[in-house]
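Heads up: the structure comes next, in structure tokens.
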Amino acid sequence: MYVGRNFFKENFMSLDNLHKKITQSMCHFYDQKIPHKYFQIHKTKSDFKGDYTLIVFPFLSFSKKDLEATAIEMGNVLQEIEEISSFNIVKGFLNFNLSDLFFFSLLEKSFKTKNFGFSSLQNQSQTTLVEFSSPNTNKPLHLGHIRNNLLGFSISNIFKACGHNVKMVQVINDRGIHICKSMLAWLKYGDGKTPKTENQKGDFFVGQYYILFEKKLKEEQEKMKNKNDIPNILREAQEMLIKWEEKDPEVLKLWNKMNSWVYEGMDLTYKKLGISFDKNYYESNTYLDGKRIVQNHLKKNTFFTKKDGSVWIDLNEFNLDEKLLLRSDGTAVYMTQDIGTAFCRFEDFSFDKMIYVTGNEQNYHFQTLFKILEKLGCEWSVNCSHLSYGMVDLPSGKMKSREGTIVDADDLISKMRQDSRNLIKKSNKFDDFSEEEVQDLSRIIGDGALKYFILKVDAKKNMLFNPKESIDFNGNTGPFIQYTHARIISILRKRNNFEPSFNSFDSIHQLEKDLIKIIIDFPNCIQLCKNSLNPSFLANYVYHLAKTYNKFYQKVPILDGSKNEKFRLTISKKVSLVIMRGMNLLGIDVPNRM
RNA sequence: GGCCCUGUAGCUCAACUGGAUAGAGUACCUGACUACGGAUCAGGCGGUUGAAGGUUCGAAUCCUUUCAGGGUCACCA
């Protein structure tokens with residue numbers, strides 16, 4: 001459960017002023033400047049009475065009194081502040097309540113703040129590059145890529161919301177032995193077939209030939225007596241790679257053709273995911289830049305050359321190893337390409353920050369990359385960071401391409417949409433929906449289920465994706481949140497264009513307070529996600545908001561015709577907006593009916 | 001073997017980065033509608049936070065040690 005207890009830290013609204021007031025009055029009382037970090041204020045746990053809690057322990061050194069006496073003393077000081085109505089003490093915890101008036105003003109501010117929680121883009125905005133997806137061109141995107149794309153897209157949105165000028169980029173691994181394998185297999189066994197003649201998505205079409213290559217390779221290996229010999233088919237692929245590097249026109253033509261098939265296919269997948277990039281980088285270009293950079297630095301003693309001519313960098317001073325940058329035959333490795341890509345990007349955007357989104361198997365790689373960039377004199381290397389995520393498993397077990405238990409992104413998305421469609425068709429609530437509306441809703445719910453379920457988990461952890469559980473309308477799921485949104489919209493529909501009201505005529509209900517407290521925590525939650533490169537806080541935040549709203553909905557009548565109706569509608573409206581905007585930051589749509 | 005990450009209810013995940021009696025969902029059991037949308041809500045059951053020490057007023061969180069799982073240490077990407 002996400003409850004932003006610590007949001008006094010950087011909340012921009014009047015809570016921030018309240019924090020200042022508390023700090024000032026306490027400093028005044030003890031007649032000395034007390035460091036900011038001593039004021040630990042967080043939301044009061046639900047088992048205790050109070051809205052917020054000030055922790056007393058750190059102040060003992062100032063009061064020179066025992067815990068109880070200090071707490072009472074401080075409580076009395078707090079009560080002098082007009083926004084604070086009362087307090088109680090439990091051990092070293094000073095719980096205090098905010099006045100109803102203050103709650104009203106908090107709601108009003110959040111309601112009237114334009115783009116509440118978001119900072120706008122300005123001239124001095126930082127430019128932040130987010131690299132994600134970055135597929136190979138020999139096979140379609142799979143479940144792992146989905147987590148990558150969702151994280152990349154979401155963290156991009158979050159940085160945008162924080163006022164950064166975000167550029168979404170990827171590097172496409174379009175060169176190397178892997179694509180040559182597909183090419184060779186297609187030449188040998190393709191019979192001139194194309195995605196068009198086979199009516200297949202291009203990435204799947206090409207992926208087939210990659211699999212076919214591996215199959216033929218295995219067959220040949222099994223027939224061979226001497227296991228140390230290189231199989232013919234593999235040798236041919238290697239020869240093809242050499243020809244490619246020599247820019248053999250025939251090979252290049254084929255390479256272009258097959259890559260373009262893959263791109264066409266992947267574009268469809270990206271479109272389904274609602275993702276697009278500001279700029280694509282291609283390894284086939286950037287590896288040359290990388291080579292050039294490394295060669296230029298050879299004279300400067302940044303690198304050293306081994307007897308066989310291979311080029312290395314020594315990173316022992318950083319507790320890392322020696323790392324190869326150019327093979328003995330002068331060709332580039334993965335790292336070389338990444339150096340080149342980074343330089344190109346800095347030239348293109350002179351970014352303030354760059355974030356790489358990749359699986360955690362590359363943790364070492366990026367640690368090394370950043371240090372190499374530093375040694376190459378890039379001051380901006382300290383502004384590069386790595387959002388690494390763990391593997392996604394399925395209930396059926398681990399996902400392994402070698403064992404064929406891989407799940408293609410397209411198949412998974414289709415299945416989720418189909419499942420949600422079945423649920424919609426089972427209900428009679430949508431009898432008036434056109435086919436188009438049904439399709440649209442299936443997409444929203446199916447995608448929302450998938451995206452939410454993946455994003456709610458802390459990125460760095462391995463996780464289990466359970467399709468069935470993800471599309472459940474109860475529990476911590478996307479559809480549950482979407483339902484809550486639709487439900488609020490349904491109420492608002494009954495009081496079109498109501499005049500917002502920020503005052504309750506009776507004393508404010510506990511659940512109304514709870515909702516307002518969560519609402520005003522929204523900006524802080526976005527900041528937290530940004531600072532920790534972790535969208536899961538936001539997912540859990542929105543769930544907590546939806547959950548609390550449903551409780552409110554059940555317990556407190558909204559459209560009861562009373563004087564308080566408008567106040568409750570105002571809260572409801574604000575909740576629906578925060579849900580929508582929070583979900584949108586995760587790349588998830590919310591329906592008005594479901 | 002070196003380095004990195006993870007270990008929390010039967011299962012899937014939280015715990016706002018050191019605060020109170022570790023919370024949700026799910027599963028299981030029990031309640032609540034002539035509906036502002038029951039695709040909801042309320043209650044019950046469920047824990048030695050892998051284990052052992054240490055620091056602290058206070059530890060799931062920080063430090064040691066240890067066990068288990070994963071990753072990585074390629075002239076692969």
Side-chain angles (χ1 to χ4, degrees), chain A residues 1-7 9 40 42-48 53 55-58 60 67 90-93 95 134 136 173 175-178 283 306 308-312 319-321 323-329 331-335 337-338 359-365 367 388 390-391 395 398 423 427 429 453 456-458 460-466 469-470 472-477 479-480 482-484 486-495 521 524-525 528 531-532 536-537 540-541 543-544 547 550-561 565 568-569 572 593-594:
Chain A
M1 180 172 69
Y2 182 87
V3 188
R5 264 150 65 189
N6 239 346
F7 72 157
K9 270 183 187 165
Q40 298 175 49
H42 56 231
K43 266 191 193 170
T44 304
K45 287 194 76 166
S46 54
D47 320 334
F48 298 89
T53 299
I55 295 173
V56 179
F57 294 105
L60 295 183
L67 193 58
V90 182
K91 291 193 272 184
F93 300 89
N95 307 316
S134 301
N136 288 345
N173 301 299
R175 100 194 158 99
I177 194 75
H178 57 84
E283 193 189 326
K306 288 195 178 174
D308 60 4
S310 56
V311 177
W312 297 72
N319 218 2
L320 300 166
D321 259 328
K323 188 80 197 168
L324 176 86
L325 292 172
L326 291 178
R327 296 191 185 102
S328 50
D329 61 5
T331 54
V333 291
Y334 186 53
M335 183 61 81
Q337 167 274 128
D338 250 338
N360 58 14
E361 70 273 8
Q362 299 198 44
N363 284 356
Y364 182 75
H365 172 78
Q367 236 184 319
S388 95
M391 304 230 300
K398 281 204 181 310
L423 288 169
S427 159
K429 279 161 54 173
F453 202 88
K456 74 171 177 178
V457 182
D458 186 352
K460 72 170 175 253
K461 291 189 181 173
N462 291 350
M463 66 167 291
L464 191 112
F465 176 69
N466 186 333
E469 211 173 288
S470 77
D472 199 330
F473 290 94
N474 289 315
N476 188 353
T477 65
F480 171 81
Q482 289 172 323
Y483 169 73
T484 309
R487 206 182 202 190
I488 298 174
I489 297 300
S490 163
I491 287 193
L492 296 176
R493 215 178 274 132
K494 292 194 161 63
R495 293 287 188 278
D521 203 14
N524 183 46
C525 183
L528 184 66
N531 294 336
S532 54
S536 74
F537 291 120
N540 287 299
Y541 165 86
Y543 169 67
H544 184 232
K547 180 90 189 148
N550 276 320
K551 209 182 276 194
F552 167 70
Y553 177 94
Q554 195 78 20
K555 194 108 181 176
V556 182
I558 297 166
L559 300 181
D560 61 351
E565 207 181 89
R568 292 178 184 149
L569 280 166
S572 301
R593 267 188 69 186
M594 72 178 272

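The basis for the numbers below is simple: all heavy atoms, side chains too, and nothing from hydrogens, waters or symmetry mates. Below, chain A is the first sequence line, B the second, and so on; all start at residue 1.
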| field | Any side-chain heavy-atom pair of L326(A) and V333(A) under 4.5 Å | value | no
| task | Under 4.0 Å between any heavy atoms, over every strand shown, what does D338(A) touch: base, sugar-phosphate, or nothing? Just pick one. | result | nothing
| note | Of the candidates U26(B), G19(B), A32(B), the side chain of Q554(A) sits closest to A32(B)
| message | Reading RNA chain B from 5' onward, which residue's closest nucleotide shows up sooner: L464(A) or N476(A)? | response | L464(A)
| said: Could you tell me how far apart N360(A) (CG) and U6(B) (C1') are, to the nearest whole angstrom? | reply: 10 Å
| query | May F57(A) be described as stacking on the base of G19(B), applying a 5.5 Å centroid limit and a 30° limit on plane angle? | reply | yes
| said: Over all strands shown, is N136(A) touching base, sugar-phosphate only, or nothing at heavy-atom distances under 4.0 angstrom? | reply: sugar-phosphate
| field | Y553(A): partners by ring-ring contact (aromatic ring centres under 6.0 Å, His included), with sequence neighbours left out | value | none
| request: Please indicate whether N319(A) has more than 12 foreign heavy atoms, meaning atoms of other residues, nucleotides or ligands, lying under 6.0 Å from its CG. | output: no
| query | Across the strands shown, which category fits V556(A) at heavy-atom distances under 4.0 angstrom: base, sugar-phosphate, nothing? | reply | base
| Distance-only donor-acceptor test, D47(A) side-chain atoms vs A22(B) base atoms, 3.5 Å | no
| request: Select base, sugar-phosphate, or nothing to describe what D458(A) touches, counting heavy atoms under 4.0 Å on all strands. | output: sugar-phosphate
| Relative to the 5' end of RNA chain B, which residue comes earlier, N319(A) or S328(A), by the nucleotide with the nearest heavy atom? | N319(A)
| Note, V457(A) side chain near L464(A) side chain (heavy atom, < 4.5 Å) | no
| Nearest-nucleotide pick for D472(A), side chain only, options being A20(B), U26(B), U12(B) | U26(B)
| said: Heavy atoms from C-beta onward define the side chain here; which of A39(B), G71(B), G38(B) lies closest to that of S427(A)? | reply: A39(B)
| said: For T477(A) and D472(A): C-alpha separation, side-chain torsions, deciding distance, then whether side chain to side chain donor-acceptor pair (under 3.5 Å) applies. | reply: CA-CA 7 Å; T477(A) 65; D472(A) 199 330; over 6 Å; no
| Nearest to side-chain heavy atoms of V457(A), which nucleotide of C36(B), A39(B), A14(B) | A14(B)
| field | Rounded distance in Å - CG (N363(A)) to C1' (G70(B)) | value | 12 Å
| message | Whether K547(A) contacts G25(B) is assessed here as follows: a side-chain N or O lying under 4.0 Å from the phosphate OP1 or OP2. Is that the case? | response | yes
| remark: Whole-Å distance, K323(A) NZ to G2(B) C1', equals 15 Å
| field | Nucleotide forming a Watson-Crick or wobble pair with G31(B), both distances under 3.5 Å | value | C41(B)
| message | Side chain of R175(A) only, heavy atoms from C-beta on: which candidate in G19(B), G38(B), A77(B) is closest? | response | A77(B)
| query | Does N550(A) make a side-chain N or O approach to OP1 or OP2 of C41(B) shorter than 4.0 Å? | reply | yes
| said: Please check: side-chain N/O of S490(A) versus main-chain N/O of A486(A), any donor-acceptor pairing under 3.5 Å? | reply: no
| field | Separation of the P atoms in G7(B) and U12(B), to the nearest angstrom | value | 13 Å
| field | Minimum heavy-atom distance between S470(A) and P479(A), given as atom pair plus value | value | O-CD, 3.6 Å
| said: Applying the Watson-Crick and G-U wobble criteria at under 3.5 Å, what pairs with G25(B)? Answer none if nothing qualifies. | reply: C11(B)
| Between G10(B) and U6(B), how far is it from one P atom to the other, in whole Å? | 22 Å
| message | Whole angstroms only, please: what is the CG-C1' distance between D329(A) and A74(B)? | response | 14 Å
| message | Quick check: any donor-acceptor pair below 3.5 Å linking the side-chain of T53(A) to the base of A20(B)? | response | yes
| If you look at every strand shown and take non-hydrogen atoms under 4.0 Å, does N466(A) touch a base, only sugar-phosphate, or nothing? | nothing
| query | For A74(B), does either OP1 or OP2 sit under 4.0 Å from a side-chain N or O belonging to Y334(A)? | reply | no
| note | Ranking A32(B), A77(B), U72(B) by distance to the side chain of E283(A), first place goes to A77(B)
| Using purine N1 to pyrimidine N3 plus N6-O4 or O6-N4 for Watson-Crick, or N1-O2 and O6-N3 for G-U wobble, both under 3.5 Å, which nucleotide pairs with U56(B)? | none
| Atom P, compared across A51(B) and C33(B): separation rounded to whole Å | 44 Å
| query | C4(B) C1' sits how many Å from D321(A) CG, rounded? | reply | 13 Å
| task | Could you work out which one of C36(B), C73(B), A14(B) sits closest to the side chain of P557(A)? | result | C36(B)
| request: Measure the distance from CD on E361(A) to P on C73(B) and round it to the nearest whole Å. | output: 10 Å
| request: Name the closest nucleotide to the K494(A) side chain, picking from U12(B), G71(B), C36(B). | output: C36(B)
| query | Can you check whether R327(A) has a side-chain N or O nearer than 4.0 Å to OP1 or OP2 of C76(B)? | reply | yes
| If pairing requires Watson-Crick or G-U wobble contacts with both distances under 3.5 Å, which nucleotide is the partner of A68(B)? | U6(B)
| task | Look at all strands and tell whether Y364(A) reaches a base, only sugar-phosphate, or nothing, counting heavy atoms closer than 4.0 Å. | result | sugar-phosphate
| request: Check the pair H365(A), D338(A) against side chain to side chain donor-acceptor pair (under 3.5 Å), reporting the backbone distance first and the verdict last. | output: CA-CA 10 Å; H365(A) 172 78; D338(A) 250 338; 2.8 Å; yes
| With centres under 5.5 Å and planes under 30° as the test, does F480(A) stack with A39(B)? | no
| query | Say you pick atom C1' in U72(B) and the same atom in A77(B); how far apart are they, in whole Å? | reply | 14 Å
| Atom CZ of F537(A) to atom P of A15(B): distance rounded to whole Å? | 6 Å
| request: Could you tell me whether K323(A) sits above the aromatic face of W312(A), with NZ or CZ closer than 6.0 angstrom to the six-membered ring centre and within 45 degrees of the axis? | output: no
| Is the distance from OP1 or OP2 of A42(B) to the nearest side-chain N or O of K551(A) less than 4.0 Å? | yes
| query | M463(A) side chain: which of U72(B), C13(B), A39(B) is closest? | reply | C13(B)
| message | So, does K461(A) get its side chain near the phosphate of G70(B), meaning an N or O under 4.0 Å from OP1 or OP2? | response | no
| Distance flag, aromatic centroids of F480(A) and Y543(A), threshold under 6.0 Å | yes
| query | Which part of the nucleic acid, if any, lies within reach of R495(A) when heavy atoms closer than 4.0 Å are counted: base, sugar-phosphate only, or nothing? | reply | nothing
| said: Under 4.0 Å, counting only non-hydrogen atoms across every strand here, what does M594(A) touch: a base, just sugar-phosphate, or nothing? | reply: base
| Contact class for T331(A) vs. all strands (heavy atom < 4.0 Å): base, sugar-phosphate, or nothing? | nothing
| query | Is any side-chain nitrogen or oxygen of K460(A) closer than 4.0 Å to OP1 or OP2 of U6(B)? | reply | yes
| task | Using whole Å, report how far CG of L325(A) lies from C1' of A77(B). | result | 15 Å
| OP1 or OP2 of U12(B) under 4.0 Å from side-chain N/O of K456(A) | no
| task | Determine the Euclidean distance between corresponding P atoms of U66(B) and C41(B); express it in Å to zero decimal places. | result | 48 Å
